[in-house]
A.B. asks: 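Take a look at this one; I'll ask things after.
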2 protein chains.
Amino acid sequence: MLNPDVQPDPAPIFAALGDRTRLSLLMKLSDGDARSIAKLSTDTLLTRQAITKHLRVLEGAGLVASLRVGRESRFAARRETIDAARAYLDRVSGHWDDALARLRTFVEDEPAG
Amino acid sequence: MLNPDVQPDPAPIFAALGDRTRLSLLMKLSDGDARSIAKLSTDTLLTRQAITKHLRVLEGAGLVASLRVGRESRFAARRETIDAARAYLDRVSGHWDDALARLRTFVEDEPAG
DNA sequence: CGAAAGCGCAACTCAATAGTTGCTCTTATC
DNA sequence: GATAAGAGCAACTATTGAGTTGCGCTTTCG
């Protein structure tokens, strides 16, 4: 086992999540089932190609995986990557516990230090 | 109390997180302390203006808050928004429990439905 | 075999983003 | 009061990103 859980840069993951269309695609896939591009392109105003591009972005970030089955490409969400993003936010959020810490240096400190 | 915790669109939050520079800024602020732009501009190759722009993006997404203290602008992380992003990922990730569910429809289903 | 469904590739447009430089203004400091 | 530190504003460039259209290829179905 090499690289147990080294996530070198979570920014691309968040960048992939930072689009309303892609978030809704992930939501559709959030039940764990895989769906074809055609099925994921229904109930949207965008073209199939636009959806395809978004799916490839999600795939590039590791948020979904694709597999060719017959003439269709199926996409499924990858929980590991979603959990990696969650874990990162835990680290950002978990560094301070007290809500007062924010207000502390926000106002009280001497201006110029 | 109006709009208790209605987060209409988490995409802008993730978009703001989807940049390496902004993530490192958030990391610096992850202890809850507030820092000036000048202090946040050290240890980086970017100009102060670039850092300022990034901070304003984070502020626009609600991830940080700013306050003018004397001649300097102090920024502090806002845990609520970070937690909102976490909560959203919880909803995406929590919809399916079984890891096998992914593999199920990923391979086994009949190709054309 | 022929038609249609599903998809990939390429070129293109338009808008948003990252980053820079130059200037001005305010606030501390000596 | 002069100087320097901290920061805001505006204009500009270059790159990325979203979305489209058109075309061709493969796979299923009648």
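In what follows, chains are A, B, ... by sequence order, proteins preceding strands, each numbered from 1.
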A.B. asks: Listed by chain and number, what are the side-chain hydrogen bond (donor to acceptor under 3.5 Å, both in side chains) partners of R48(B), not counting sequence neighbours?
C.D. replies: none
A.B. asks: Output one line per pair: protein atom, nucleotide atom from nucleotides 15-17 of chain D, and distance, for all N/O pairs under 3.5 Å.
C.D. replies:
none

A.B. asks: Is the backbone of G62(A) close enough, under 3.5 Å, to the side chain of T81(A) for a donor and an acceptor to pair up by distance?
C.D. replies: yes
A.B. asks: In whole Å, what is the span from the CG atom of L67(A) to the P atom of dT27(D)?
C.D. replies: 14 Å
A.B. asks: Heavy atoms, side chains only, cut-off 4.5 Å: are L58(A) and F75(A) in contact?
C.D. replies: no
A.B. asks: Under a single-linkage definition using a 4.5 Å side-chain heavy-atom cutoff for Ile, Leu, Val, Met, Phe, Trp and Tyr, are F14(B) and V57(A) assigned to the same hydrophobic cluster?
C.D. replies: no
A.B. asks: Do L17(B) and I82(B) sit in the same hydrophobic cluster, where Ile, Leu, Val, Met, Phe, Trp and Tyr count as joined when their side-chain heavy atoms come under 4.5 Å apart?
C.D. replies: yes
A.B. asks: Could you check whether any side-chain N or O of R86(A) sits under 3.5 Å from a backbone N or O of S93(B), counting only pairs where one atom can act as donor and the other as acceptor?
C.D. replies: no
A.B. asks: I'd like to check the side-chain contact (heavy atoms from CB on, under 4.5 Å) partners of T47(B); sequence neighbours left out, ordered by chain and number.
C.D. replies: Q49(B), A50(B)
A.B. asks: Using distance only, find each side-chain donor-acceptor pair of residues 39-46 of chain B under 3.5 Å and give its atom names and separation, not counting sequence neighbours.
C.D. replies:
from, atom 1, to, atom 2, distance (Å)
S41(B), OG, I37(B), O, 2.7
T42(B), OG1, K39(B), O, 2.7
T44(B), OG1, L46(B), N, 3.2

A.B. asks: Quick one: list whatever passes side-chain hydrogen bond (donor to acceptor under 3.5 Å, both in side chains) with E59(A), sequence neighbours left out.
C.D. replies: R56(A), S66(A)
A.B. asks: Rounding to an integer number of Å, can you tell me how far L46(A) CG sits from dA18(D) P?
C.D. replies: 11 Å
A.B. asks: Does H54(B) have a side-chain nitrogen or oxygen under 4.0 Å from the phosphate oxygens OP1 or OP2 of dT17(C)?
C.D. replies: no
A.B. asks: Go through the structure and list residues passing side-chain contact (heavy atoms from CB on, under 4.5 Å) with A15(A), not counting sequence neighbours.
C.D. replies: none
A.B. asks: Determine, for nucleotides 3-14 of chain D in 5'-to-3' order, which nucleotides have protein heavy atoms under 4.0 Å from the base (write B), from only the sugar-phosphate (write S), or from neither (write -).
C.D. replies: --BSBBB-B---
A.B. asks: In terms of side-chain heavy atoms of A50(A), which of dT20(C), dT20(D), dA18(C) is nearest?
C.D. replies: dT20(D)
A.B. asks: Whole angstroms only, please: what is the CG-C1' distance between L45(B) and dA18(C)?
C.D. replies: 14 Å
A.B. asks: Please confirm whether the backbone N or O of H54(B) pairs with a side-chain atom of R22(B), one donor and one acceptor, at under 3.5 Å?
C.D. replies: no
A.B. asks: Over the length of the helix from dC1(C)-dG30(D) to dC30(C)-dG1(D), how much do the five-pair end axes diverge, rounded to 10 degrees?
C.D. replies: 30°
